[in-house]
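Throughout, protein chains are lettered first and strands after them, A, B, ... in sequence-line order, and every chain is numbered starting at 1. Because only heavy atoms are used, hydrogens play no part in the values below, and waters and symmetry mates are left out as well, while side chains stay in.
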Amino acid sequence: MSEEQQFTELERLRLAKLEALRQQGNDPFPPRVERSHTTAAAIAAFEAGGEQPLLATIVGRIRSMRLMGKLAFAHVEDGHGRLQLFLRADDLGAENLQHFKDYYDLGDFVEAQGEMFRTKAGEVSLNVKALRMIAKALTPLPAAKDEIVDGEVVRHATLADPETRYRQRYADLAVNPQVREVFKMRAGILRSLREFLDQHDFLEVETPVLQPVYGGAAARPFVTHHNQLKQDLYLRISFELYLKRLLVGGLERVYEIGRDFRNEGVDRTHNPEFTMLEFYMAYADYRRVMEFTEEMLRYVGRQVLGGSKLSYQGHEIDLGNAWPRITIADAVHEFAGIDISKYPDVNSLAAVMKDKGYKVRVGGSRGKLIEDLVGDHVEPRLIQPTFLYDYPREVSPLAKSQPGDPSTVERFEGYMGGFEICNAFSELNDPLDQQARFEEMGRSLKAGDEDLHPMDEDYLRAMRYGMPPNGGFGMGIDRITMLFTDQPNIREVILFPHLRRREDE
RNA sequence: GGUCCCGUAGCUCAAUGGUAGAGCAGUUGACUCUUAAUCAAUUGGUUGAAGGUUCGAGUCCUUCCGGGAUCACCA
């Protein structure tokens with residue numbers, strides 16, 4: 001490909017400047033740089049030191065320029081803030097100022113040395129005595145202007161097209177400071193979850209991503225192949241069955257934070273790969289796990305929000321209170337107007353749903369219909385943190401049955417902001433019951449084929465050695481991050497979300 | 001996968017079926033306290049792609065590509 005085709009007109013202009021710098025003996029990408037202060041530290045040191053002389057060498061990216069005859073201003077941004085450069089012919093030398101005007105562009109990384117001072121307009125700035133290019137930007141950043149309104153940087157005409165933002169996240173991050181904040185918050189959430197679990201004697205573990213048998217959730221997997229072993233492998237759809245093997249092995253409290261992969265539709269709350277937290281807690285039941293969940297999210301709120309309140313899409317959500325606990329039966333009764341105890345079989349339930357004008361899936365079990373009722377009529381109403389509990393047995397093959405009610409299991413889901421954020425149960429630890437459930441599930445799935453799950457014989461063998469009673473828990477990190485950062489779309493909290501490949505990639 | 005909406009300059013956006021434009025960025029010039037600097041001039045387009053209707057298409061139609069919303073799917 002020729003240079004003409006490879007570069008845009010704007011890029012070719014910058015390429016010429018880069019070449020000119022090289023001709024003059026200035027490496028536009030030097031291997032080492034000097035930095036005495038971050039921009040924020042330089043400003044803080046100047047403010048703290050009264051008006052004492054303060055020499056500083058700062059580095060960063062040029063975000064704005066205002067060029068005059070014998071004077072120029074520029075703002076440089078680094079990871080900590082921004083600092084105005086003041087370049088005056090008298091101090092820098094007329095030739096050096098001209099050099100700056102001729103060869104430096106928005107987006108370039110520079111190293112600037114000088115003395116801190118306050119401009120007539122009152123802004124703490126660096127009176128530059130020496131300036132050096134440390135990384136030339138060939139492509140202009142897709143942003144225009146900064147404005148300071150009440151101390152906040154407002155960026156005008158910035159990159160807004162979601163497709164470009166996701167495909168070129170580097171440009172999005174470089175240009176949209178609020179996007180950087182989302183991912184700092186995400187890191188804070190992960191950090192505080194680990195802190196909380198570590199403080200409660202949990203052991204962080206790592207289990208296989210490539211699995212010979214997938215399980216622990218209902219989803220189609222991605223399939224791959226190991227050449228030497230001549231064996232198909234699946235990217236995990238959950239960690240559950242591996243983590244519970246560890247309880248058999250005597251690890252009482254374990255957790256894993258990692259990636260799950262599900263070969264399903266992509267939408268506002270689903271990405272094919274997503275980050276999950278699962279923990280398993282020996283000798284706890286699902287009620288203990290509910291309390292623990294409340295504590296854990298309260299802790300995260302304190303650490304990353306500094307309190308218990310958050311705002312999600314116009315709703316005020318408070319993590320500080322005990323979460324209301326509603327059985328599935330009561331919730332469906334209240335929000336969908338159906339008393340499911342009166343409809344003990346799939347046909348009668350389907351009939352009453354039809355009477356009420358609700359959509360009824362074909363071939364669904366009674367449990368599946370109840371889940372649909374929850375999804376359509378209950379879930380969207382659960383803005384404040386809420387636990388729904390006691391789920392239908394046939395949609396929960398890994399959960400322990402409710403004593404005295406074989407139709408439900410000890411399972412709960414946590415809801416917030418109108419969607420599901422976590423799923424937990426008193427884990428089934430009876431190997432014979434588990435085998436029966438797998439077989440039952442195998443039969444019902446065989447009818448609809450597609451999602452036929454192979455039975456995990458090794459998991460059953462592990463259970464036969466004896467698994468302590470335990471409570472297990474899973475939570476989508478992406479959705480929690482959506483809530484904490486007030487983002488309506490999961491792609492906004494995933495650095496490089498999955499998009500269809502384009503021809504030019 | 002179904003339905004609806006969108007794709008115009010590097011970025012943000014205009015343009016009754018009738019000459020493709022503006023602001024910012026860029027380029028040239030002026031300017032020693034600017035901060036969306038200002039002032040003057042100016043470059044930049046296969047309107048996502050390919051067909052079709054029409055005297056004439058950014059605009060209407062078809063197909064395709066990509067994105068968004070929504071539904072379906074996600075025990």
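Regarding A:Leu87, its CG atom lies at a distance of 12 Å from the C1' atom of B:U34, rounded to whole Å. In this structure, the CD atom of A:Glu163 is 15 Å from the C1' atom of B:C5, given to the nearest Å. The NE2-P distance, from A:His75 to B:C33, rounds to 17 Å in whole Å. Residue A:Met65 contributes atom CE, which lies 12 Å from atom C1' of B:A25 at whole-angstrom precision. Remark: P of B:U3 and CG of A:Asp267 are 18 Å apart, rounded to the nearest angstrom. Atom C1' of nucleotide B:G67 and atom CG of A:Asn489 are separated by 12 Å, given to the nearest angstrom. Counting to the nearest Å, the P atom of B:A72 and the CZ atom of A:Arg268 are 12 Å from each other. When rounded to the nearest whole Å, the span between CZ of A:Phe7 and P of B:G10 equals 16 Å.
When the nucleotides B:A69, B:C11, B:A75 are ranked by their closest atom to the side chain of A:Leu159, B:C11 comes out on top. Taking the side chain of A:Gln84 as heavy atoms from C-beta on, and the options B:C74, B:U35, B:G10, the nearest nucleotide is B:U35. Here B:C73 is the nucleotide among B:G67, B:A75, B:C73 with the atom lying nearest to any side-chain atom of A:Glu264. In the set B:C33, B:G26, B:C74, the nucleotide with an atom closest to the side chain of A:Ala218 is B:C74. Listed candidates were B:C33, B:C74, B:G67. Nearest to the side chain of A:Lys120 is B:C33. Residue A:Met68 has its side chain nearest to B:C31 when only B:C31, B:G26, B:C74 are considered.
Counting distance only, with no hydrogens placed and no angle test, the side-chain atoms of A:Thr158 and the base atoms of B:U12 include no donor-acceptor pair under 3.5 Å. In the interface, the side chain of A:Glu123 is not paired with the base of B:U34 through any donor and acceptor atom under 3.5 Å apart. Between the base of B:U32 and the side chain of A:Asp90 there is a donor-acceptor pair shorter than 3.5 Å.
Comparing B:U19 with B:G45, their C1' atoms are spaced 15 Å from each other, to the whole Å. Taking the P atoms as reference points, B:A22 lies 10 Å from B:U43, given to the whole Å. Comparing B:A50 with B:A9, their C1' atoms are spaced 23 Å from each other, to the whole Å. Distance noted for atom C1' between B:A14 and B:A20: 10 Å (whole Å). As rounded to the nearest Å, B:U59 and B:U53 have P atoms that lie 15 Å from one another. When the P atom is used for both B:A72 and B:C55, the distance is 47 Å, rounded to whole Å. Here the separation of B:A25 from B:C13, taken at their C1' atoms, is 15 Å to the nearest Å. Comparing B:U38 with B:G23, their P atoms sit 12 Å apart, to the nearest whole Å.
Within the structure, a side-chain polar atom (N or O) of A:Lys17 is placed less than 4.0 Å from OP1 or OP2 of B:U27. A sub-4.0 Å separation between OP1 or OP2 of B:G26 and a side-chain N or O of A:Arg12 is absent. Dashed line: the shortest gap from a side-chain N or O of A:Lys359 to OP1 or OP2 of B:A72 is under 4.0 Å. Considering only side-chain N and O atoms, A:Arg66 lies nowhere under 4.0 angstrom from the phosphate OP1 or OP2 of B:U34. The phosphate of B:C33 (OP1 or OP2) has no side-chain N or O of A:Arg88 nearer than 4.0 angstrom. An OP1 or OP2 oxygen of B:G67 is reached within less than 4.0 angstrom by a side-chain nitrogen or oxygen of A:Arg167. Taking side-chain N and O atoms only, A:Arg220 has no distance below 4.0 Å to OP1 or OP2 of B:A75. Look at A:Arg361 and you'll find a side-chain N or O under 4.0 angstrom from OP1 or OP2 of B:C73.
When heavy atoms are screened at a 4.0 angstrom cut-off, A:Arg411 is found touching no nucleic acid atom at all. Using a 4.0 Å heavy-atom criterion, one finds that A:Ala121 contacts the bases of the nucleic acid, with or without backbone contacts as well. Residue A:Glu371 is classed as a sugar-phosphate contact, given heavy-atom separations below 4.0 Å to backbone atoms only. At a threshold of 4.0 angstrom between heavy atoms, the contacts of A:Pro140 with the nucleic acid are absent. A:Lys70 comes within 4.0 angstrom of a base, heavy atoms only.
Annotated stems with RNA chain B as a participant read B:1-7 with B:65-71, B:10-13 with B:21-24, B:26-30 with B:38-42, B:48-52 with B:60-64, given as range with range, by first number; only runs of 3 or more Watson-Crick or G-U pairs under 3.5 Å qualify.
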Quiz item: Which is it for A:Lys368 and A:Glu394 under the salt bridge (Lys or Arg N to Asp or Glu O under 4.0 Å) test, yes or no, and what are the steps along the way?
Solution: CA-CA 8 Å; A:Lys368 192 66 204 161; A:Glu394 62 266 34; over 6 Å; no

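Checking A:Asn176 against A:Thr158 by side-chain atom types alone, a donor-acceptor pair falls below 3.5 Å. In summary, the side chains of A:Thr327 and A:Asp390 do not present any donor paired with an acceptor at a separation below 3.5 Å, with no hydrogens or angles considered.
Using a 4.0 Å cut-off between charged nitrogen and carboxylate oxygen, A:Lys136 and A:Asp105 count as a salt-bridge pair. A salt bridge links A:Arg180 with A:Glu77; the closest basic N to acidic carboxylate O contact falls under 4.0 Å.
Residue-to-nucleotide proximity on RNA chain B shows that, of A:Arg14 and A:Asp161, the 5′-proximal contact is made by A:Asp161. In terms of position on RNA chain B, the residue among A:Leu67 and A:Lys101 whose nearest nucleotide sits closer to the 5' end is A:Lys101.
Only one option out of A:Gln434, A:Gln211, A:Arg245 pairs with A:Asp456 in a side chain to side chain donor-acceptor pair (under 3.5 Å); it is A:Arg245.
Seen from the ring of A:Tyr391, A:Arg411 counts as a face-on cation partner, given the 6.0 Å and 45° thresholds.
For A:His99 and A:Tyr103, the ring centers are positioned less than 6.0 Å apart. Aromatic rings of A:Phe222 and A:Tyr234 (six-membered ring for Trp) have centroids beyond the 6.0 Å cut-off, not under it.
At a threshold of 4.5 Å between non-hydrogen side-chain atoms, the residues A:Val213 and A:Asp458 do not count as touching. A:Ile490 has its side chain out of reach of A:His270: every pair of non-hydrogen atoms, C-beta onward, lies at least 4.5 Å apart.
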